[in-house]
Structure formats: C-alpha cells, structure tokens
There are 2 protein chains.
Amino acid sequence: MTSRPTSRDVAKAAGVSQSTVSLVLGGKWSGRVSPATAAAVQDAAERLGYRPNRAARSLRLGSTRTVMLVVPTLTAPFFGAVYEGAARVAAQHGFGVVAYPWPEHAGPADSPFAAPHEAIDGILASSLAEDALSGFAGTPVVMLDSDPAAEAPTVVFGVEDGMRVIVDHLAGLGHRRFGHLASSIDQWTFHARGRALADAVAAVPGATLVREDAALDVADAKDAALRLLGGPGRPTALVCDDDVMSAGAYKAARARGLEIPRDLSVTGFDDVLLAAALEPELTTVRLPADELGAAGMDALLRLLEGERPGSLSLPGELVVRGSTGPAAVGAAPVHGPLHG
Amino acid sequence: MTSRPTSRDVAKAAGVSQSTVSLVLGGKWSGRVSPATAAAVQDAAERLGYRPNRAARSLRLGSTRTVMLVVPTLTAPFFGAVYEGAARVAAQHGFGVVAYPWPEHAGPADSPFAAPHEAIDGILASSLAEDALSGFAGTPVVMLDSDPAAEAPTVVFGVEDGMRVIVDHLAGLGHRRFGHLASSIDQWTFHARGRALADAVAAVPGATLVREDAALDVADAKDAALRLLGGPGRPTALVCDDDVMSAGAYKAARARGLEIPRDLSVTGFDDVLLAAALEPELTTVRLPADELGAAGMDALLRLLEGERPGSLSLPGELVVRGSTGPAAVGAAPVHGPLHG
DNA sequence: TCGTCCTAGTAATACGTATGACTTCCCCTC
DNA sequence: GAGGGGAAGTCATACGTATTACTAGGACGA
C-alpha cells in the first residue's frame, strides 16, 4: 500500500467494520465494543501507522479544529511569543494554529494572504481594531491586547499597574520631571499606556509630564527624545512606550552628552531581547507575551464550546536593571515639595 | 439561511446543477458552459457570499493546499521573516502555511505540538537536521539554511561570500588579528560560518584567527568575548556568528576598557533590529530572511508539482555601520606589509 | 417457552466538492 | 431524412470519517 491507510484498511486488518474502528479510535466505545476487539483495533491501527484524515474528519464534523491567529507581524519577537503560547494551548486540545500577519494599516482586501474564511473555527486577533475583522462576521473571536470595551472577549495586559510600578520606582528614586516617549501608532495598547502613565504621574505630588510622539523605530524615537531633552528643565526620567524606543532614547542621551543613569533614567516596556543587550541594561516591564497567547487561546476554546468567557487582564512585572538611578540633585524642581 | 451556503445553494439560486457551479467556479468551463450561464452562476455565488468548503475540497482532491513550516522558534525575528516570505509566495498559489516551532534539541515526540501528518502537502524546514523529520517520510520537503548535501532540495545563504566580504572589509582597514565569537550550536549554519571565516582569513596574508564558542545569548557571548580579549596580542577585530553575540562583544569591550571601533572592530551577522540599536551601530551582513522563505516556498511548490528543483544559494549584503574602523597602529603586526 | 433486555457489533448515510460518464438538443452534411 | 458530431449541461459517484439506526445472538426472568 503506497498511500496512507484509511480507517477501512484498519478495519480489514482487525477483522471488524469501519464503524467499529471509528468508534474505538474515537474513544467512545464504553459498552459498545468488547475490550478484546478494541485492543485488536488499536493494535492494527498502530501497526499500519494509521492517522485519521483531517479533511474527512473536518468535513464530517463541520469543524476544522484550526484557529487563525491575526497579528500585525511575525517579525517582532513579541508576536512570535504570542503565537507559541497560543499554539501550545491549542495543541493540548487538538487544535492547530495558523498565523496570519496582517499589518494594521492594511484593509481586509490589502492583505497578501488569502483569507481562509472557510478553514477556521475561530480567530485570535492581537493588537487590532475590532472592525478590521469585518468579513469574518459569525466567526468566534477573542481579541488580544485590544480595547476591552469591544464586544468580543478580550485579554490584555494590566498596563495601569505596569505604568504605576514604573512611576513608583522612579518617584522613589527622587524623579519628579517625567518625559514620555510615546508611540504615534493609533492602537489601543498605546493609548492605554499613555493614559496609564498620565494617571500614575498625576498621583505623584509635584510631578510633571511632557510628551513626544514617534514611530516605533530607533531613529524616529531618537529624534523625539532629542526634542524632549532639548529645553531647560528637561525631564530626569524618560518613560518609553516600548523597548525599541528606549534604544532611541539612549542614542539621544549620548548625543546630548547625558550619561545613563547618572544624568537621565530611562525605562522601556515589553522586555524583549534588546532590553538586556543595551548598555546599560534597560529597566523595563516584562510582559509575558506567551501567556497572553495562551490565555487568549484558552478563552477562544471556551468560546467555541459555547461558554462566554469574560475579559482578562494579565499582570506585567517590573525588571529593574541599570538604566534607572537616583535623580541628580541639581535636577530637582527648584520649588519645594508640594502637597506634602 | 444561517450556516454558510454550499455549491448546491448557489446552483439552486442560479437555476443550474451543482456540477455546473463547480465547473464554473473551478474555471474549467471553456466549451462546457455557455458564457451567459457562467455569468449567472458567478453572480449567484457573489450574491450569496459563497466560499468553497475547504475540508470538502481537500477530501476530494486529496490535497490540503497547506504547507508546514518548521522552525526552531518564532520568537526570533529572523524566523518570523522567513514565515512571512514563505506565506506570501504560498498565498499567491492558494496555499496556506502553518508554522510549527520546533526546538532543535527536541525529538519528534517531544514537541508540544501535535504533528499534523495528515493535514499537509509539504514541509519547509529551517535550520534543522534532515533526520529530525523522520516520521514524515513520503512528504515532500525543502530544507532552508541547512546542509546542501542533504537529499532534499535546499535553499541557503551564501555564507562563504558573506564571511569573505566581512574579512575583506576588515583587512582593508588594516586588521590582521581576527577573533571569532562562534556559536556553540551544533547546526549546519554555524559550522558553515566557521569554515567560511577560517577560509576567508586564510586568504589574507599574515592574518591570524582565534576562536571562542558561546551560546546564542548576550551574557554567554560576553564571557567568551572576555576570554578572546584577555591575553596580549588580542584580536583587533571580532567577527561574531550573529548580531546577538555582537551585543555580548560590546559588553566585553566596555568591561575591558576598549572603545569600539577605535580599539576594537566588531561585526555581526543577520542584521536584525538589534544591530541598528546598538551603540555604535553594528557593521553586519544582512541576510534576507523573507527571501529565504519565499525562495524555499517556491521550490517546495515546484516539488509538489512534480518538478525537481535544484538547490539555491542567496547572497547576503554587507552593511557597514559604526562598529568597524581602522586597526590601531600599535596593534598592527610588527612585520611590515607583505605581498604588496 | 416466550418475550425482554443487554451486549457487541454492522449497515447506511451525510458532510460538500470535483469530475468522468452520460444525456439532450440542435445544427450540419450527404 | 438519416446520421454524425459538437455544445451545454446533468447524473452519479468517490474522497474518509463519525454517528444514528439497526440486527443478531445470548442471558434471564416469569
């Protein structure tokens, strides 16, 4: 036999009918098939190296046991980790995951990838506006790192806590003048980070916050950071929307002759590989991307089974490294402490 | 109608038989169906939003039009880019790509991902030993960045050229004492890089090469680099097996009080985001990972159509940035220039 | 001894598509 | 007017599975 064996081949080998094979291998034979026969079937299946044909099974069951993961890109390690977390959980339930990189600026028709409407049971979409998925109406969706106000169940990071813990850390080091190197990307994640930072700074008596927006790349972030560090009364701490922007902040600091962390503290967000590669190593908030993927897949599988999973928030963790230090004394605000 | 329309629904709406719908939508109706009927069918399909059921089609055709991409991980941007390149080409031919992260040290059974033997038409495997794919015998395979001596068709980078161009660049700057910060990973890619570097250095009159092995992470690379920079007659140029290791080299240089590129030149390999984030920015060889994926997928699709694609080598490109400079005079070999 | 229930299985069918074999119908030629 | 042949479709079937409805044969109680 040159092609793959079917359940009928197994049946013939075991001397039973195809139905029996299906019953046994489906695990639903309690009281329907004798243990001896079941064992014979399993033995035959093993011997022939039988694997159920997935297409046939999908056709019969009306379910592909495949889930689509939509991400802006896979070239960012963050989303790679999301994929791996999601795929791990999916595999435990016999589901496969097909990744679908989809730049946020692209419309539904722009995607170079053929939309596999028909081949999936559900969608896990990361960092995307919900309406980008029009055209998939009717397919169960779970959104990751997106506006929790959306209709679909959502899994996000606890950005508020993350920013608060950063600001607390910096405030504890004496910082009062904060700069925000913000992403100009129109995405819920970054809006949330901006709001969270503003709130956290507002909770620190006497603290000020200035903000510059930039694209998510090193060169552009450097330019924005240069502006932040330009005038008098410059910030003593730069809070960046993500680690890559921090690299730009580093370059700007060097260009201005500022030494990190002596003259300037810098923080990131995400804790990707880059964070530990920088000099000095970057203080940042670690976001467990794989857990995001795993939790999202968990929610999606629940949704597929008819449950209605609630939205969820995952905590980040502050990782203190070498890029943050005490605020220079001379850099403190001239006026004394306010509001006690 | 709440569930998705089938070809039979379209047939009813267009007033024809299901066969006709299949013929028209399959595009094989030249001389079998009148243009008017064909138009009516297409119109009805459009109106109902008909999409062929992929499972049924797969079952009928015996082909899933899905290809598996096996990579060590997706958390490395390099492999994310490979995926995107492969998926782009696949989509143009109506194929989907399911990624399958598989750490090289894991055996076939160790993978947390259920092996979808039955659901794929072919395999694109990156940075893997060929025998890791036992158990997929009979499935067409194309190997990426792997030993071209393998049975399967292969697409690799022209590592020899890459290393030669690095060494030429450095030799042109006066360097003669080279250090190799090598990956300890037992993988064809890195063996090839080691050989290529040795050959390139051997071609430079009076040049020497010392080597240290390390894991592919910043901390371990730093330790190895410290050893390389330890003794007298230390290398004036450090050639690293990849960009991440270069970050370790930077840290070691700083620890030794060496300034890059004044006291020490450093080069990387791959040109990932990190390369441009380092200070100074890293001179490296850019490997077009997406082209690797695209070329590999192209070869695989050919293979699936019965052709026998040959192996292919893709050129890298030297990107000169700030981490390489003239060899310090005092560091030059004591004997004068040889061979003009 | 007959009806009933349980056990251990089998037969038949449907999922939605693609395609080879057929069927009409009509035009054309001799 | 008989026959050939092309155009335009339709019929029937198979892909491999999961599951529902059915059956054969005992065992058992009354």
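Naming convention: chains lettered A, B, ... in sequence-line order (proteins, then strands); numbering from 1 in each chain.
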Task: Candidates D/dC22, D/dT17, C/dT17 - which lies nearest the side chain of A/Arg32 - done: D/dC22
Task: Side chain of A/Ser7 - closest among D/dT17, C/dG16, D/dA8 - done: D/dT17
Open item on the list: For a quick check of understanding: with a heavy-atom distance under 4.0 Å over all strands, which category does A/Ser34 fall into, base, sugar-phosphate or nothing?
Closed with: sugar-phosphate
TODO: Take A/Asp186 and A/His191, measure what side-chain hydrogen bond (donor to acceptor under 3.5 Å, both in side chains) needs, and give me the verdict at the end.
DONE: CA-CA 7 Å; A/Asp186 180 23; A/His191 297 166; 3.0 Å; yes
Task: Along DNA chain D (nearest heavy atom to each residue), the more 5'-positioned of B/Val16 and B/Leu59 - done: B/Val16
Task: Minimum-distance nucleotide (side-chain atoms of B/Thr20 versus C/dT17, D/dT10, D/dG16) - done: D/dT10
- [ ] In whole angstrom, give the distance that lies between atom CH2 of B/Trp29 and atom C1' of C/dT17.
- [x] 20 Å
Open item on the list: Expressed as a whole number of angstroms, how long is the span from B/Leu61:CG to C/dG16:C1'?
Closed with: 12 Å
TODO: Return the value, rounded to whole Å, for the distance between atom NZ of A/Lys12 and atom C1' of C/dT10.
DONE: 16 Å
Task: Of the listed nucleotides D/dT19, C/dA8, C/dG16, the one nearest the side chain of A/Gln18 - done: D/dT19
Open item on the list: Output the rounded distance in Å from CG (A/Leu25) to P (D/dT19).
Closed with: 13 Å
- [ ] Go through the steps for B/Ser17 and B/Thr20 under the test side-chain hydrogen bond (donor to acceptor under 3.5 Å, both in side chains), then give the verdict.
- [x] CA-CA 5 Å; B/Ser17 75; B/Thr20 306; 3.2 Å; yes
- [ ] Find out whether A/Tyr83 and A/Asp290 are in side-chain contact, i.e. whether some heavy atom of one side chain is under 4.5 Å from a heavy atom of the other.
- [x] no
- [ ] Let me know the distance between CZ of A/Arg54 and P of C/dG16, rounded to the nearest Å.
- [x] 19 Å
Open item on the list: Let me spell it out: for each of A/Leu23 and A/Arg8, pick the nucleotide of DNA chain C with the closest heavy atom. Which residue's pick is nearer the 5' end?
Closed with: A/Leu23
Open item on the list: Side chains of B/Ser126 and B/Asp145 only: does a donor on one sit below 3.5 Å from an acceptor on the other?
Closed with: no
Open item on the list: Please confirm whether the shortest side-chain N or O distance from B/Ser17 to OP1 or OP2 of D/dT10 is below 4.0 Å.
Closed with: yes
- [ ] Write down the distance between CG (B/Asp121) and P (D/dC15), rounded to a whole number of angstrom.
- [x] 18 Å
Open item on the list: For a quick check under 3.5 Å, do A/Thr75 and B/Glu84 share a side-chain donor-acceptor pair by atom type?
Closed with: no
Task: Nearest-neighbour nucleotide for the B/Ala56 side chain, D/dT17, C/dT19, C/dG16 considered - done: C/dG16
Open item on the list: Regarding C/dA11, can its base be found pairing with the side chain of A/Ser19 as donor and acceptor, where the two atoms are less than 3.5 Å apart?
Closed with: yes
Open item on the list: Below the 4.0 Å mark, does C/dA8 have OP1 or OP2 next to a side-chain nitrogen or oxygen of A/Thr37?
Closed with: no
- [ ] Find the distance A/Asn53:CG to D/dC15:C1' and express it as a whole number of Å.
- [x] 8 Å
